[in-house]
S.K.: 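To start, I am sharing the structure in question, which I have written as C-alpha cells.
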Amino acid sequence: MLQVAYIREHKEDVIARLAKRNIDASQMIDDVLALDEDRRALQTQLDNTLAESNSLSKEIGNLFKSGKAAEANVLKEKTSQLKEDSKGLSEALNEKADALNELLYKIPNVPNTIVPSGNTDEDNEEVYREGDIPKLHSDALPHWELAKKYDIIDFELGNKITGAGFPVYKGKGARLQRALIAYFLDKNTEAGYTEVQLPHLVNEASGFGTGQLPDKEGQMYHVTGDNLYLIPTAEVPATNLFRNDLLSESDLPKAITGYTPCFRREAGSYGAHVRGLNRLHQFDKVEILRIEHPNRSYDALTEMVEHVKGILKELKLPYRILRLCGGDLGFTSALTYDFEVFSTAQDRWLEISSVSNFENFQANRLKLRFKNSDGKTELCHTLNGSSLALPRVLAGILENYQTEDGIQIPEVLIPYTGFEKI
RNA sequence: GGAGAAAUGGCAGAGUGGUCGAAUGCGGCAGUCUUGAAAACUGUUGAGGGUCACACCUCCGGGGGUUCGAAUCCCUCUUUCUCCGCCA
C-alpha cells in the first residue's frame, strides 16, 4: 500500500499518475488525507490523556509509599474519568485507523512515468522482439492435440481425479516438465539467485502481506479446517520470508529463486484461450525475487528482464516483451514487463513471464525496511518475475518444435531430459 | 493426539506489581592508543506514532482481562522444547 506521508507530499502527482490506470483517485486521496488528519488528532488527544493518567499513577504510588493513603484515594478517583476518556478515544482512534487502512488497501500502486496509458492489452507497448517464427509443416497441431498424439499430457485423467484445469503429465511429458524446472533453477542460481524450497500453503498474515487478502480472497484455494491458503504464486511465501524485517544496507540486495506449483481458482474465459495448457488451476512456475535498495531497483528490473531474455534465447523460442499499460498493470506494480512466446500452431502470443518492480508498495505493507547509510529506516523495494511459468513454455516448445516425425527437444534441455525427441 | 516447560532488544540472558524501554555479556558503530591492525580503554547502539525540533504516547510472542499502576498476575491463541503415542 501507499505511504500516507508520500500521498500528503505528492498529492497531485499521485492522482495524475493513478489516472493512467483509468481511475479518478482524487476523492479517495482526499478521504485518505482527511482520515489521516483525524487519526493524528485523536492520537494526540489519547496520548495526552494517557500521559496525565501515567503521571497520576506515579503520584499515587509515591503517596502510598509515604503512607498517605487518603490522598492517594482521592487521586484514584480522578484516574477513573481519565480511564474512561482514554477508552473512548482509543476506540475512536482504532476506528479511524481501520477506515484509513481499508481505504489504503483499495488504492493501487502509482505507475511509473514511462507506463503507457491505456485500457486493455491492446494498449500495451511492445518494446522488444526476438527469434524467428518457425515455418511448420502443413498439418501442424496445437499442443493439446500433440499431447494426445504422443500421450504426454492427459487432461481427461486430471478431470477424473480432480477436475478441469488439473492435467496429468505422463512419460516424456512429465520428464520434460521436470527438465524445464531443473534448467530454469540452474540458470537462476548461476545468475546469483539463491534457491529456496517454500511451503505451498500460507497463513492469513502472509496473504495480507503480499496483498492477496483481503480483496482477492476468491482467487485462492482456502483450506478451511486450518485456515490456510494454497499459494497462487511463489511470490507469496517468498516475499513473506522478509515480512517485518529490518535489514542493514549491506544485506541488500537479496535475490532468491524457487520452484512451486501455483493454485488459482479464477475461472478464466472460454474456448481456445483456456484450451489445453493455456489456463490451469494448478501449474508450475519458477520464480525470481529481489529485495533492493530503492536507488537500484530499476537497474535490478533491467537485469531481471535481461536474464529472462537470455533463457528464451537459449530455448530458441520466438518472443516479444511488452511494457504493460496502466489499465493492464497489476494492482501492486509500478512497472511491469510481460514476456510472450509466439505459438505458431495456435497463431497467437502466450504470456510466459511477468517481471515487475513494486517499488515500496509491497514493502510498506510487509514492513520490510533497511537502515540506510544515515542510520535512518527506509522501505526496501521489491521485485519479482517468472523465470519461467511452465505450461505455456511447454506449449510453446511442443508447438514450435514439432516436426513430421516427432517433437524435437531444444538443445539446452537435452542434458536434462536425456532424450532428443518425443 | 496426550502430559509438562518456555517465549524479553541483532544474539545470549537477568528481571514476579510502581524506581523497567528493560541489568549484564557478546556483537555493531564512533573515538583514544598504534606505521596499520589486533588487544585494551572510553562513549554510543531497539522499533513505531507524534513534533519544525523537543515534550509526550505505544510496544517485553499475538489477542483479551485484573489493577490507580503489568515484562511481572489471570484467560486465550500461536510457536518452540522435553517426555509419551502415531508415522513417511
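In what follows, chains carry the letters A, B, and so on, assigned in the order in which the sequence lines appear, proteins first and then strands, with residues in each chain numbered from 1.
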S.K.: Checking all strands, does Thr49(A) fall into the base, sugar-phosphate, or nothing category for heavy-atom contacts under 4.0 angstrom?
M.R.: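 Answer is nothing: Thr49(A) stays at 4.0 Å or more from every strand.
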S.K.: Take the protein atom CG of Leu93(A) and the nucleotide atom P of G48(B), then report the distance between them rounded to whole Å.
M.R.: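 Atom-to-atom, Leu93(A) to G48(B), this comes out as 18 Å.
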S.K.: Send over the distance from Asp245(A) CG to G46(B) P, rounded to a whole Å.
M.R.: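 To the nearest whole Å, that distance equals 19 Å.
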S.K.: To the nearest Å, how far apart are Asn227(A) CG and U78(B) P?
M.R.: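 Spelled out: CG on Asn227(A) to P on U78(B) is 11 Å.
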S.K.: Nearest 0.5 Å, please: how far is CD1 in Ile291(A) from CG in Leu368(A)?
M.R.: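 The distance works out to 5.0 Å.
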S.K.: For the CD atom of Glu359(A) and the NE2 atom of His381(A), what is their distance to the nearest 0.5 Å?
M.R.: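 Nearest 0.5 Å value for the CD-NE2 distance: 5.5 Å.
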S.K.: Whether Arg39(A) contacts G49(B) is assessed here as follows: a side-chain N or O lying under 4.0 Å from the phosphate OP1 or OP2. Is that the case?
M.R.: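 The answer is no; no side-chain N or O of Arg39(A) sits under 4.0 Å from OP1 or OP2.
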S.K.: Given Glu235(A) and Lys285(A), is the salt bridge (Lys or Arg N to Asp or Glu O under 4.0 Å) satisfied, shown in steps?
M.R.: CA-CA 10 Å; Glu235(A) 172 193 337; Lys285(A) 183 155 62 68; over 6 Å; no
S.K.: Looking at G21(B), which nucleotide sits across from it as a Watson-Crick or G-U wobble partner, both distances under 3.5 angstrom, or is there none?
M.R.: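 Its partner: none found.
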S.K.: When rounded to the nearest Å, what value does the distance between P atoms of A70(B) and G62(B) take?
M.R.: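 The same atom, P, in both gives a distance of 16 Å.
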S.K.: Quick one: is G28(B) close enough that its OP1 or OP2 comes under 4.0 Å of any side-chain N or O from Ser248(A)?
M.R.: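 Answer is no, no contact under 4.0 Å.
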S.K.: Which residue is it: Thr382(A), Asn384(A), Asn109(A)? I am looking for the one with a side chain to side chain donor-acceptor pair (under 3.5 Å) to Gln362(A).
M.R.: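 For Gln362(A), the side chain to side chain donor-acceptor pair (under 3.5 Å) check succeeds only for Thr382(A).
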S.K.: How does protein contact run along nucleotides 51-71 of chain B, one letter per nucleotide 5' to 3', with B for base contact, S for sugar-phosphate only, - for none, heavy atoms under 4.0 Å?
M.R.: S----SSS---------BS--
S.K.: Please determine whether a side-chain nitrogen of the Lys or Arg among Glu84(A) and Lys87(A) lies less than 4.0 Å from a carboxylate oxygen of the Asp or Glu.
M.R.: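 Not counted as a salt bridge, because no side-chain N and carboxylate O are separated by less than 4.0 Å.
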S.K.: Go ahead and name the base partner of G85(B); Watson-Crick or wobble counts if both distances stay under 3.5 Å, otherwise write none.
M.R.: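 Its partner is none (no Watson-Crick or G-U wobble pair with both distances under 3.5 Å).
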S.K.: Between G63(B) and G13(B), how far apart are the two P atoms, rounded to whole Å?
M.R.: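 Result for the P pair: 25 Å, nearest Å.
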S.K.: Both distances below 3.5 Å, Watson-Crick or wobble geometry, any strand: find the nucleotide opposite G43(B).
M.R.: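 G43(B) is paired, partner C29(B).
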S.K.: When rounded to the nearest Å, what value does the distance between C1' atoms of A71(B) and A14(B) take?
M.R.: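 Pairwise C1' distance, A71(B) against A14(B), rounds to 12 Å.
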S.K.: Both distances below 3.5 Å, Watson-Crick or wobble geometry, any strand: find the nucleotide opposite U79(B).
M.R.: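 Looking at the geometry, U79(B) pairs with A6(B).
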S.K.: Does Asn112(A) reach the side chain of Tyr298(A), with side-chain heavy atoms less than 4.5 Å apart?
M.R.: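 Contact flag for Asn112(A)/Tyr298(A) side chains = yes.
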S.K.: Considering only heavy atoms from C-beta outward, does the side chain of Arg290(A) approach that of Arg296(A) to under 4.5 Å?
M.R.: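 When only atoms from C-beta onward are counted, Arg296(A) and Arg290(A) do touch, with a gap below 4.5 Å.
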S.K.: Nearest whole Å is fine: how far is G46(B) C1' from Lys371(A) NZ?
M.R.: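 Whole-Å distance recorded here is 8 Å.
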S.K.: If you assign each of Leu246(A) and Asp36(A) to its closest nucleotide in RNA chain B, which residue comes earlier from the 5' end?
M.R.: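 Nearer the 5' end of the strand: Leu246(A).
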S.K.: Between U76(B) and G27(B), how many Å separate the two P atoms, rounded to a whole number?
M.R.: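 After rounding to an integer number of Å, I get 43 Å for this pair.
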S.K.: Identify the nucleotide, in any strand shown, that forms a Watson-Crick or G-U wobble pair with G36(B), with both distances under 3.5 Å; if there is none, say none.
M.R.: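 By the stated definition (distances under 3.5 Å), nothing pairs with G36(B).
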S.K.: Using every non-hydrogen atom in the two residues, find where Leu383(A) and Ser297(A) come nearest and quote the distance to one decimal.
M.R.: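 The answer is CD2-O, 3.4 Å.
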S.K.: Which base, if any, makes a Watson-Crick or G-U wobble pair with C56(B), both distances under 3.5 Å?
M.R.: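 Result: G49(B).
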S.K.: Atom CD of Gln45(A) and atom C1' of G50(B): how far apart are they, to the nearest Å?
M.R.: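 That distance rounds to 14 Å.
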S.K.: Between A12(B) and U8(B), how many Å separate the two C1' atoms, rounded to a whole number?
M.R.: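 Their C1' atoms lie roughly 12 Å apart.
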S.K.: Find the distance Lys376(A):NZ to G46(B):P and express it as a whole number of Å.
M.R.: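 From Lys376(A) NZ to G46(B) P: 15 Å.
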S.K.: Both distances below 3.5 Å, Watson-Crick or wobble geometry, any strand: find the nucleotide opposite A14(B).
M.R.: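 When the pairing criteria are applied, nothing turns out to pair with A14(B), so the answer is none.
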S.K.: Does U72(B) have a Watson-Crick or wobble mate here (both distances under 3.5 Å), and if so which one?
M.R.: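 Pairing partner, where one exists within any strand: none, as none qualifies.
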S.K.: Roughly how many Å apart are G9(B) and G4(B), using the P atom of each and rounding to a whole number?
M.R.: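 To the nearest whole Å, 27 Å.
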S.K.: Could you state the atom-to-atom distance from NZ of Lys367(A) to P of G49(B) in whole Å?
M.R.: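 Taking atom P of G49(B) as the reference, NZ of Lys367(A) is at 9 Å.
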S.K.: If the P atom of A30(B) is compared with that of U24(B), how far apart are they to the nearest Å?
M.R.: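 About 22 Å, rounded to a whole number of Å.
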S.K.: In whole Å, what is the span from the CD atom of Glu59(A) to the P atom of U19(B)?
M.R.: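 Interatomic distance, CD of Glu59(A) to P of U19(B): 15 Å.
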S.K.: Give, for atom SG of Cys380(A) and atom NE2 of His293(A), the distance between the pair rounded to the nearest 0.5 Å.
M.R.: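 One gets 9.0 Å once the value is rounded to the nearest 0.5 Å.
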S.K.: Take atom C1' in G17(B) and the same atom in C84(B), then report the distance between them in whole Å.
M.R.: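 Roughly 38 Å separates the two C1' atoms.
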